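Quantities reported herein were computed from a predicted structural model and do not represent experimental measurements. Labels below follow one simple rule: chain letters A, B, ... track the order of the sequence lines, proteins then strands, and each chain is numbered from 1.
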Amino acid sequence: MTEIEKSYNPLGIEEKWYAFWTEKGYFSPDGIEGRPFSIVIPPPNITGSLHMGHALNSAMQDILIRWKRMLGFKALWVPGTDHAGIATQNVVERQLAHEGLDRHKLGREEFIERVWQWRSEYGGRISHQLRKIGSSCDWSRERFTLDEGLSRAVREVFVRLYNEGLIYRDNRLINWCPRCRTALSDLEVEHEELDGTLTYIRYPLADRNGRIIVATTRPETMLGDTAVAVNPDDERYKDMIGSMIDLPLANRKLPVVGDRTVDPAFGTGAVKVTPSHDFSDEAIAKRQDPQLPFLKVIGEGGRMTDNAGRRYAGLDRYDCRKKVVADLKEAGLIEKEEKYRHSIGHCYRCKTIIEPLSTPQWYVDIKPLAKEAIDAVRDKRIRIVPDSWENTYFSWMENIRDWCISRQIWWGHRIPVWYCQEMRNAECRRQNGIIVSKDTPASCPHCGAEAVALRQDEDVLDTWFSSALWPFSTLGWPDGTDDLRTFYPTNVLVTGFDILFFWVARMIMMGLKFMGDVPFRDVYIHALVRDSRGQKMSKSKGNVLDPLIMVEKYGADAFRFSLAAFAAQGRDIRFSEDRVEGYRFFVNKLWNASRFIMMNLGADDREKLSCQLSDISRDRLSLADRWILSRLASTASETNKALSEYRFNDAANAIYQFIWHEFCDWYIEMSKQSIYSDSDEKWNTLACLLYVLDNSLRLLHPFMPFVTEELWQTIKSYIQANEESIAISGYPETLPFDEKAEDEMHYIMEAIIGIRNIRGEMNISPATEVKAVIKAFDRRIEDILLKNLNYIIRLAKAGDVQVGLNLEKPKGSATSVKDMLEVYLPLHGVLDTEAEIERLLKEKKKIDESLLQAGKKLLNEDFLKRAPKDIIDKERAKYDDLILRNERLETGINKLREMEVKND
RNA sequence: GGGCGAUUAGCUCAGUGGGAGAGCGCUCCCUUCACACGGGAGAGGCCGCUGGUUCAAUCCCAGCAUCGCCUACCA
């Protein structure tokens with residue numbers, strides 16, 4: 001007998017097996033012969049710690065990679081992190097602030113040094129947390145976006161795009177975060193609807209009496225107005241085009257101009273134009289001929305500049321707003337103020353309201369790259385799963401705008417551009433002194449000026465620029481490495497829809513551009529994890545569930561399995577801890593099933609079993625054996641199919657259903673008959689139990705790696721496993737079905753359920769042995785029942801079972817009407833006739849309802865004419881069956897009624 | 001403004017053009033020799049509303065309602 005704990009305790013077991021796997025190097029594809037299968041992880045940011053999203057994301061990747069590894073693929077999962085420019089810089093700057101320092105006091109080099117220090121201390125946290133949930137990444141290939149190799153890839157890409165004219169520098173309005181003091185791309189701006197005020201301001205005309213009223217949500221920007229625009233077709237205003245206005249508070253004159261984008265129906269139909277601080281105003285200004293002047297009144301820190309006038313200069317933009325409104329009120333120039341709800345852009349990192357600012361920045365001319373990326377999805381060279389996301393992808397890609405890639409921060413890949421201060425010749429001047437180079441130039445390639453005359457661009461690149469190269473830079477590009485040849489394109493990218501544009505689209509563009517092939521075949525987009533009420537988890541709301549606490553409370557296996565079971569749900573996953581608890585019970589169930597089997601095995605039994613196992617499919621197996629093997633085959637088939645279609649929940653549920661409700665509830669109970677006997681059959685049964693357990697564990701291993709390994713190791717010596725770990729054992733795929741066994745089992749189960757029905761409803765204690773009489777409706781059923789009486793006796797706790805074709809229902813029996821058979825339980829006067837009649841009537845009522853529906857259909861000529869034949873046949877069979885059952889129920893009820901009368 | 005998604009048992013959600021499902025919760029019976037983190041039985045649903053297509057609609061189409069998300073230069 002083998003001793004196993006009564007319940008599963010993951011403590012210690014998880015660490016033990018993770019260490020074992022990594023020591024053995026199972027997570028590395030090196031030395032494996034199979035076809036390659038690769039995934040690159042969506043690199044988490046080094047400032048973060050593992051949250052539910054990461055957990056879900058990596059659980060799914062791990063399920064896929066473990067599954068493929070077991071199927072014999074040369075499976076590689078590349079882990080890594082990204083440097084998260086703004087976020088990381090923010091963290092370290094906060095640290096400095098505590099010390100009364102800032103990065104400018106420290107200087108660039110020393111600051112960068114500090115950030116690396118921080119990174120080595122805290123940046124690896126998330127990688128360690130991934131190990132806790134069992135992620136089978138190849139840690140020997142772990143990458144960081146600022147690694148030397150990946151940095152080289154970044155410079156290579158920048159230089160090549162620049163040389164092809166796809167990267168350029170321009171001075172135009174960009175989204176500026178006044179707190180981070182950097183430019184942001186359009187995607188890094190989050191729009192949120194907020195309650196604001198629409199202020200109507202009177203602008204007096206300069207050259208005649210009258211005024212134009214403009215409406216604005218940002219009164220402070222009036223200080224930077226350089227025109228008022230109206231629609232040239234607007235009868236109210238068109239005569240005023242060309243007139244001048246006296247701009248209040250600023251002592252300047254502005255022209256009234258015409259622009260067709262002005263909506264006459266909105267506000268007053270007249271718009272103040274602030275080209276330096278509003279995107280649409282910038283566009284209006286540029287459409288005018290000559291262009292309207294640009295007057296910058298807000299600076300990089302969000303404070304008013306000297307251009308705003310002495311009264312306002314230096315004020316914060318929001319304080320200035322108050323002052324401007326107060327001043328205008330005093331001057332009697334406010335017409336009215338209305339409440340107005342509108343959407344405002346915020347910095348995605350620090351939530352500060354964005355200020356559009358005109359600054360020189362680097363851009364990627366994205367349209368040519370986007371075109372290829374659109375085609376790749378259209379041609380199905382890349383499959384997006386679920387494909388409903390394709391539309392979102394297309395609509396963004398088709399309306400894509402140039403990508404601002406420069407950031408005014410220090411932590412990141414410094415832009416590989418130098419400016420020649422001397423510009424000694426015409427060529428250098430023609431190039432604006434710009435030098436773009438992979439390596440630091442020793443002198444100006446245009447004019448030969450010496451290195452001291454060259455000043456490198458201060459800015460760094462958007463972090464997503466390096467992330468976009470991730471699928472090939474992690475594999476060694478720009479070098480032509482073996483890894484790159486073997487594993488690119490990767491097979492699937494698993495990610496949330498929130499970074500479809502940020503990351504997925506950009507990887508596709510860069511992969512196609514620089515590798516000449518897609519970066520991955522499939523993109524599997526999963527839902528985002530929310531709390532049980534559907535709220536986004538966030539620290540400020542305090543509704544964050546820590547995955548590591550889940551692992552601590554329920555074990556990594558139960559937690560992972562929950563994530564898989566949740567995975568199919570649309571855009572949101574409402575995470576509920578109750579379900580994790582439920583799956584912990586499942587782990588325990590599995591544990592105890594294994595415990596049961598092991599308790600019935602002795603060390604001497606190994607040899608007996610091993611020869612039994614080798615020919616487990618022989619026909620000396622019992623019906624139950626053949627049935628469970630067929631169910632196992634069906635489960636394996638469903639699991640593989642579901643996984644190949646990324647239906648993680650279906651796969652998880654198939655296994656759950658099989659192990660708990662078929663293997664444990666039915667098969668193990670049936671096996672006891674044989675196991676507790678002393679017959680030869682015992683060894684067949686034990687072999688079959690072991691075989692099914694072994695296969696169940698292997699099916700489950702990608703979902704629950706730890707407990708399956710622990711259990712598998714305990715049965716290993718009995719099952720003649722060649723491998724030393726379940727992680728590298730084979731995954732069950734195609735096993736033989738046995739339809740005959742499944743069919744026969746159906747009637748046995750019906751008989752057992754029939755008896756249990758009556759017991760349950762009559763509140764007969766499970767301890768009480770009952771007599772049962774089963775009437776079969778044809779000889780075949782009778783035969784099946786007679787051959788397998790032992791199962792019925794055991795599972796229904798029936799002491800005496802009679803089976804026959806022409807049995808009479810004993811007096812005072814409760815009845816259960818089943819498919820092709822009826823079960824009678826003689827209750828010797830204890831039967832509550834009244835209650836039994838009620839029970840049967842209830843059942844009859846259900847059948848009557850179905851019968852009504854089915855009858856209607858079969859009387860409908862259109863149905864008979866137009867419905868497919870198999871449906872009609874099915875419907876007829878159903879009808880016949882219902883009629884039969886109904887008659888049988890009726891007979892039963894009538895007999896009971898007669899009896900009732902007699903008893904009276 | 002444009003787009004997408006959701007609405008199914010008390011709760012969280014699967015699902016399918018042809019007899020409504022799971023987990024949890026609830027009710028009842030049971031500490032039977034793997035497991036009470038267990039076993040058995042049961043109750044509970046005009047599948048959001050209104051039309052249309054169809055022999056047949058919870059499923060397809062249109063509209064409406066409610067909620068959510070994405071996207072956008074309406075000041």
Angle between ring planes, W660(A) versus F586(A), binned at 30° and 60°: parallel, tilted or perpendicular? parallel
Expressed as a whole number of Å, how far does the [atom1] atom of [N] sit from that of [M]?
N       : M       : atom1 : result
rG25(B) : rU12(B) : P     : 15 Å
rG23(B) : rA14(B) : P     : 16 Å
rC61(B) : rA22(B) : C1'   : 30 Å
rU16(B) : rC70(B) : C1'   : 29 Å
rA56(B) : rU66(B) : C1'   : 30 Å
rG38(B) : rG45(B) : P     : 27 Å
rA43(B) : rG10(B) : C1'   : 12 Å
rG48(B) : rU7(B)  : C1'   : 6 Å

Establish, for the pair R560(A) and F703(A), whether the NZ or CZ atom is under 6.0 angstrom from the six-membered ring centre and no further than 45 degrees off its axis. no
Measure from NZ or CZ of K589(A) to the centre of the six-membered ring of F663(A) and say whether it is under 6.0 Å with the direction within 45° of the ring axis. no
For the side chain of [X], counting heavy atoms from C-beta on, which of [options] is nearest?
X       : options                   : answer
D578(A) : rA72(B), rA14(B), rC24(B) : rC24(B)
R579(A) : rA34(B), rG23(B), rG42(B) : rG23(B)
F585(A) : rC37(B), rG39(B), rA34(B) : rC37(B)
H661(A) : rA72(B), rG23(B), rA34(B) : rG23(B)

Counting the atoms with a prime plus P, OP1 and OP2 as sugar-phosphate, which does [X] contact under 4.0 Å by heavy atoms, base, sugar-phosphate, or nothing?
X       : value
W666(A) : nothing
H277(A) : nothing
K6(A)   : sugar-phosphate
R401(A) : sugar-phosphate
R756(A) : sugar-phosphate
V273(A) : nothing
S395(A) : nothing

Just how far is it from atom CG of L686(A) to atom CD1 of I675(A), taken to the nearest 0.5 Å? 4.5 Å
Nearest 0.5 Å, what's the CG-CD1 distance between L194(A) and I344(A)? 4.5 Å
Kindly say if [X] contacts the phosphate of [N], meaning a side-chain N or O under 4.0 Å from OP1 or OP2.
X       : N       : value
Y340(A) : rA75(B) : yes
W591(A) : rG38(B) : no
N757(A) : rG42(B) : yes
Y676(A) : rA34(B) : yes
K856(A) : rC55(B) : no

Side-chain donor/acceptor of K589(A) to base of rC37(B), under 3.5 Å: no
Of D665(A) and E761(A), the one whose closest nucleotide on RNA chain B sits nearer the 5' end is D665(A)
For N588(A) and for I753(A), locate the closest nucleotide of RNA chain B by heavy-atom distance; then report the residue assigned to the nucleotide nearer the 5' terminus. N588(A)
Checking N1-N3 plus N6-O4 or O6-N4 for Watson-Crick, or N1-O2 and O6-N3 for wobble, each under 3.5 Å, the partner of rG38(B) is rC30(B)
Distance-only donor-acceptor check, side chains D225(A) and Y203(A), under 3.5 Å: yes
Could you give the CD-to-P distance, from E190(A) to rU71(B), as a whole number of Å? 9 Å
Heavy-atom neighbours of K641(A) NZ exceed 12 at 6.0 Å: no
For nucleotides 16-21 of chain B, 5' to 3', base contacts (B), sugar-phosphate-only contacts (S) and non-contacts (-) with protein non-hydrogen atoms under 4.0 Å give --BB--
